[in-house]
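This report refers to the structure that appears directly beneath it.
Not measured: the values here are computed from a predicted model.
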Amino acid sequence: MGKTKVGLSELLGKFDTSIGELPPVDSWTPELSGNMDMTIKANGDWVHEGDIIERDKLSRLFSSIIKKEGDDYFLVTPVEKWRIQVEDQPFTIALCEESDKGLTFITNMGEEISLIDPKQLLTDSGHEAPKILVRKNLYARLNRPTYYQIIELAKELDGKHYIESNGCHFYID
């Protein structure tokens with residue numbers, strides 16, 4: 001009998017409570033309600049009033065209503081808009097899977113991003129790990145294990161390193 005290839009996300013149970021369809025936050029434009037004592041830490045932890053939000057479903061709910069305007073991040077509903085703090089990026093990349101179609105990244109909130117457009121992967125001269133566009137104006141920083149994984153996949157061309165996905169080159173330095 002042949003073995004069926006099982007991806008890392010299946011082995012880890014993926015994210016059984018992934019976000020699903022996202023609300024239309026870009027069309028919501030309520031007035032600013034104020035500042036919320038909430039911070040998304042650089043490691044991906046969501047902290048409210050000094051306490052880490054332990055319930056994944058709650059942080060995933062919040063992550064579905066985040067939006068960025070200028071340099072500020074907000075949690076929005078059709079009638080409320082609360083400014084929050086983000087130390088680095090609002091998401092982190094927790095997993096990377098290779099397939100014959102290319103690379104797929106999975107965020108700490110369960111969103112899957114297929115790497116298909118070179119504009120999705122950005123390097124940041126002030127940070128060692130690249131970031132990936134998750135959705136409009138919102139990025140995820142690769143966590144250390146995922147960063148090392150893509151470094152292992154990297155090839156060199158004319159002194160620059162890149163990874164390949166869906167027939168495109170994504171430069172990482």
Evaluate the side-chain contact (heavy atoms from CB on, under 4.5 Å) criterion for residues I84 and T39: first the C-alpha distance (whole Å), next the side-chain angles of each, then the deciding distance (0.1 Å), finally the verdict.
CA-CA 6 Å; I84 65 169; T39 302; over 6 Å; no
Got a sec, which residues hit side-chain contact (heavy atoms from CB on, under 4.5 Å) with K155, two or more places apart in sequence or on another chain?
Y162, E164
Listed partners of P145 passing side-chain contact (heavy atoms from CB on, under 4.5 Å), at least two apart:
N143
With sequence neighbours excluded, what pairs up with N43 under the side-chain contact (heavy atoms from CB on, under 4.5 Å) test?
K41, D45
Side chains of E80 and P30 in contact at under 4.5 Å (non-hydrogen atoms):
no
Sequence neighbours left out, what pairs pass salt bridge (Lys or Arg N to Asp or Glu O under 4.0 Å) with at least one residue falling in residues 23-40?
none
One should read off an interatomic distance between N166 CG and S114 OG, to the nearest 0.5 angstrom, of 8.0 Å
To the nearest 0.5 Å, atom CG of L22 lies from atom CD1 of I66 at 12.0 Å
What's the shortest heavy-atom distance between N108 and G44, and which atoms?
ND2-O, 3.4 Å
First locate atom CG of L138, then atom CE of M109, and finally report the distance between them rounded to the nearest 0.5 Å.
12.5 Å
Decide yes or no for K81 and E69: does some side-chain heavy atom of the first lie under 4.5 Å from some side-chain heavy atom of the second?
yes
Who clusters with V47? Use side-chain heavy atoms, under 4.5 angstrom, across I, L, V, M, F, W and Y, and order the result by chain and number.
I52
The test is side-chain contact (heavy atoms from CB on, under 4.5 Å); show your working for Y139 and K68 and say whether it passes.
CA-CA 10 Å; Y139 291 86; K68 184 176 181 185; 5.9 Å; no
Taking all heavy atoms of G102 and all of S165, pick out the closest pair and write down the distance.
CA-OG, 3.3 Å
Closest approach of L133 and I113, non-hydrogen atoms and distance?
O-CG2, 3.7 Å
Check against side-chain contact (heavy atoms from CB on, under 4.5 Å), I53 and F62:
CA-CA 11 Å; I53 298 174; F62 287 141; 3.9 Å; yes
So, for L61 and S64, which heavy atoms are closest and what is the spacing to 0.1 Å?
O-OG, 2.6 Å
When every non-hydrogen atom of P78 is compared with those of W28, the smallest separation belongs to CG-CE2, 3.6 Å
Which one of M38, K67, Q89 satisfies the side chain to side chain contact (heavy atoms under 4.5 Å, CB included) criterion with Y73?
Q89
Using the rule that two of Ile, Leu, Val, Met, Phe, Trp, Tyr join whenever any of their side-chain heavy atoms come within less than 4.5 Å, decide whether I132 and I116 are in one cluster.
no
Rounding to 0.5 Å, atoms NZ (K131) and CG (D88) come to a distance of 7.5 Å
Student check: side-chain heavy atoms of P90 and V134 closer than 4.5 Å
no
Enter the distance from Y147:OH to I93:CD1 here, rounded to the nearest 0.5 Å.
14.5 Å
What residues, two or more places apart in sequence or in another chain, satisfy side-chain contact (heavy atoms from CB on, under 4.5 Å) together with D72?
F74, R83
Between H48 and M36, does a side-chain contact (heavy atoms from CB on, under 4.5 Å) hold up when you go through it step by step?
CA-CA 8 Å; H48 181 254; M36 182 180 285; 4.3 Å; yes
Taking all non-hydrogen atoms of both residues into account, name the closest pair between I163 and L115 and its distance.
CD1-CD2, 3.9 Å
Atom CD of E97 and atom CG of L103: how far apart are they, to the nearest 0.5 Å?
10.0 Å
